[in-house]
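Bear in mind that the values here come from a model prediction, so they are computed numbers and not experimental data.
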Amino acid sequence: MTPDLLLAIDVGTQSVRALVFDRDGAMQGRSQVPFEPPFDAPQPGWAEKDAGSYWQALVESCRALWRQRGVQPGRVAGLALTTQRGTVVCAREDGTPLRPAIVWPDQRLCSAPPPLGAFWNTLFGLAGAGELMRQLQRQAEANWLAQHEAALWRNCERFTLLSGWLAHRLVGDWVDSAACQVGYLPFDYKRQQWARAGDWHWKALAIRSAQLPRLVPPASRLGALTDAAASELGLRLALPVIAAAADKACEVLGCGVLEPDTAHLSFGTAATINTTQPKYVEVQRLLPAYPAAWPGAFNTEIHIQRGFWLVSWFKNEFAHRERALAAERGVSAESLFDGLIASVPPGSMGLVLQPYWSPGLRDPGPEAKGAIIGFGDVHTRAHLYRAMIEGLVYGLRAGRELIEARTKRPITRLVVSGGGAQSDGAMQIAADVFGLAAERPHIAEASALGAAMLAATGLGWYADVQAAAAAMARSGHRFEPQPAAVRTYDALYREVYRPMYGRLVPLYRRIRAITGYPA
């Protein structure tokens, strides 16, 4: 049997998915193992999960694939792994976790970070980045562990992102893709390698260089499946494992977004706007451009941390009717939400939402809270739902303006993917708020497809990542902007949404001072 398929494993926040693709980007099989709940919250604002549960779900998803008709493990030529970003694992040298993984939505803060020293404090102060550095140090998981779990931290031999820990389970080596390194780590984003000795990262973070994995470029080999991993996954021994990238970077690649004038919107748990640039550029001062899914390229990303998480929140709190109906019909409740959008006119009759549910390093600042204004007696839960989607897209449009201002290049094309992109109503809102046609990729599983492209390149099926993307990515449905809606959204965005944060900041600060939240 000639191996002619690519296995992509996508470890997300909500589930693990295992998918097989052919060399043309057509999906030949898919399985999914959900996480319910996606993580535990032992204290308010915390997010943790047993690291072993990620591996177990990965194994279950692969095993489920082989039970499908026509999907034979012997046809798999190579494997690539993409994962959620910013989730960290403390482990022994043999890979045994020392505590639950800290998952990326976690909001715990360190109150006693490592001292930077007079030189770096002065330098960051002169650059106007002192407060930014203090926030980075407070939010770094390693600093919290060093402060609150000091004995465990001293015994932590390996501190990696989830991608690096899972790669160790796959190939038996502490190695990870450079394009997965998005988080509070001593990583030089411009060089796409660990920071040099003496760099400020090693002062700001309580991380030892020996704790970190070796990094390789995306589309190169991480190694080969160990005998134990091959046996658990039902795959052949020594199967090549190719370095992919973080889920958002793979998603951008899977949508074929390679040109700087094309924007990619991700309607996922975290909503993002991204472009791919050939040179390093910080669209928010002193906040880095992330590694793209091929060496030497960069993603200029702006994200809304709890983006389409709002849809899950709405479903749990307000959509009992849709949940019951969905159970009767055997469909997802989310698939019925387009009816709510269609029942309300663009602009939600003046109901405007700003989706700042989680504090940020820059904009919004650490005092930020979400806001909904314009309530009237005409508004229903349908208006609230549409206003939620509109608010998220307003936030992404603000990101577009930042990217255009820094790159000096207009965005002329829009591609949208992620779970929320399966909603025709959300796609139309994106087209109308941006004033651009919104394209949906030919496959919903864009992150996995991007990982498959990197696997195909690493196996030598294509000369480079760009050639793989040209062969494997295609556009799907296209949503054209509607002129009347464009005018409504443009006015609401410029005259209401944009001024909201500045007007409400003093109130957010008073709320924070009175209640202590966010800390």
Side-chain angles (χ1 to χ4, degrees), residues 85-91 101-102 104 106 108-150 153-154 156-165 174-218 245-246 248-249 279-292 295-296 298-301 303 360-362 366:
R85 304 178 308 188
T87 292
V88 294
V89 179
C90 292
I102 300 178
W104 63 267
D106 190 276
R108 74 190 75 186
L109 298 173
C110 168
S111 60
L116 277 174
F119 173 78
W120 288 111
N121 278 324
T122 301
L123 200 62
F124 283 115
L126 291 172
E131 179 58 27
L132 179 67
M133 182 54 56
R134 283 187 286 274
Q135 287 298 323
L136 182 150
Q137 285 192 284
R138 294 181 75 211
Q139 295 186 24
E141 299 90 355
N143 291 350
W144 186 92
L145 289 164
Q147 178 184 358
H148 294 280
E149 298 181 4
W153 185 246
R154 285 192 296 270
C156 176
E157 296 171 296
R158 290 293 178 172
F159 181 73
T160 74
L161 295 173
L162 179 61
S163 54
W165 185 77
W174 288 106
V175 59
D176 199 4
S177 170
C180 288
Q181 307 312 304
V182 178
Y184 297 108
L185 298 168
F187 183 72
D188 185 328
Y189 287 90
K190 192 170 185 178
R191 293 173 50 246
Q192 299 189 2
Q193 267 299 335
W194 297 127
R196 293 187 174 99
D199 187 272
W200 63 265
H201 293 82
W202 302 106
K203 286 281 190 178
L205 302 169
I207 296 175
R208 308 181 296 275
S209 61
Q211 292 175 302
L212 300 171
R214 176 173 56 90
L215 298 181
V216 300
K248 294 296 183 187
K279 295 182 179 180
Y280 182 85
V281 57
E282 294 174 357
V283 296
Q284 292 175 292
R285 182 172 172 267
L286 301 178
L287 294 183
Y290 295 150
F298 302 90
N299 288 152
T300 54
E301 175 179 305
H303 75 277
L361 287 174
R362 174 68 77 181

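Looking at every heavy atom in both residues, I207 comes nearest to F159 through CD1-CE2, 3.8 Å. Considering every non-hydrogen atom in both F298 and A289, the closest pair reads CB-CB, 4.0 Å. Considering all non-hydrogen atoms of both residues, P113 and S111 come closest at CD-C, 3.6 Å. Minimum interatomic distance between P218 and A292 (heavy atoms only, all atoms of both residues): CG-O, 4.4 Å. Contact between W200 and L116 at its shortest, heavy atoms only, is O-CD2, 4.4 Å. A pairwise comparison of heavy atoms in A245 and C180 identifies C-SG, 3.5 Å as the closest pair.
Put simply, the side chain of L205 does not reach to within 4.5 Å of the side chain of P114, judged on heavy atoms. Side-chain contact between F187 and L161 is absent, with no heavy-atom pair separated by less than 4.5 Å. Looking at heavy atoms from C-beta onward, L215 lies out of side-chain contact with V175 at the 4.5 angstrom threshold. Residues P288 and Y280 are in side-chain contact: their nearest non-hydrogen atoms beyond the backbone lie under 4.5 Å apart. Side-chain contact between S177 and S163 is absent, with no heavy atoms from C-beta onward closer than 4.5 Å. Taking the side chain as every heavy atom from C-beta outward, W153 and Q211 approach each other to under 4.5 Å. Proximity of K248 to N299: side-chain heavy atoms (C-beta onward) are nowhere separated by under 4.5 Å. Side-chain contact between P213 and T160: present, with at least one pair of heavy atoms (C-beta onward) separated by less than 4.5 Å.
Atoms CG and CG, from L212 and L185 in turn, are 7.0 Å apart once rounded to the nearest 0.5 Å. Annotation: the span from C110 atom SG to H148 atom NE2 amounts to 6.0 Å, rounded to 0.5 Å. To the nearest 0.5 Å, atom CD of residue E282 and atom NZ of residue K190 are 8.5 Å apart. Taken from CG in L109 to CD in Q137, the straight-line distance is 12.5 Å, to the nearest 0.5 Å. A distance of 8.5 Å separates CG of D199 from CZ of R196, quoted to the nearest 0.5 Å. Note that the CG atom of D176 and the CG atom of L162 stand 9.5 Å from one another [nearest 0.5 Å].
Salt bridge annotation for R108-D106: present, with a cationic side-chain nitrogen under 4.0 angstrom from a carboxylate oxygen. Salt bridge annotation for R85-E301: present, with a cationic side-chain nitrogen under 4.0 angstrom from a carboxylate oxygen.
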Inset, instruction - Verify side-chain contact (heavy atoms from CB on, under 4.5 Å) between L145 and C156, making sure each step is shown before the conclusion. - result: CA-CA 10 Å; L145 289 164; C156 176; over 6 Å; no

Inset, instruction - Mind running side-chain contact (heavy atoms from CB on, under 4.5 Å) on R158 and W174 for me, showing each step along the way? - result: CA-CA 9 Å; R158 290 293 178 172; W174 288 106; 3.4 Å; yes

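More than 12 heavy atoms of other residues, nucleotides or ligands shown are found within 6.0 angstrom of CZ on R208.
For an aromatic pair to be called close, the ring centres must be under 6.0 Å apart, and Y189 with Y290 satisfies this.
Of the candidates R138, H201, Q139, E141, Y184 forms a side chain to side chain donor-acceptor pair (under 3.5 Å) with just one, namely Q139.
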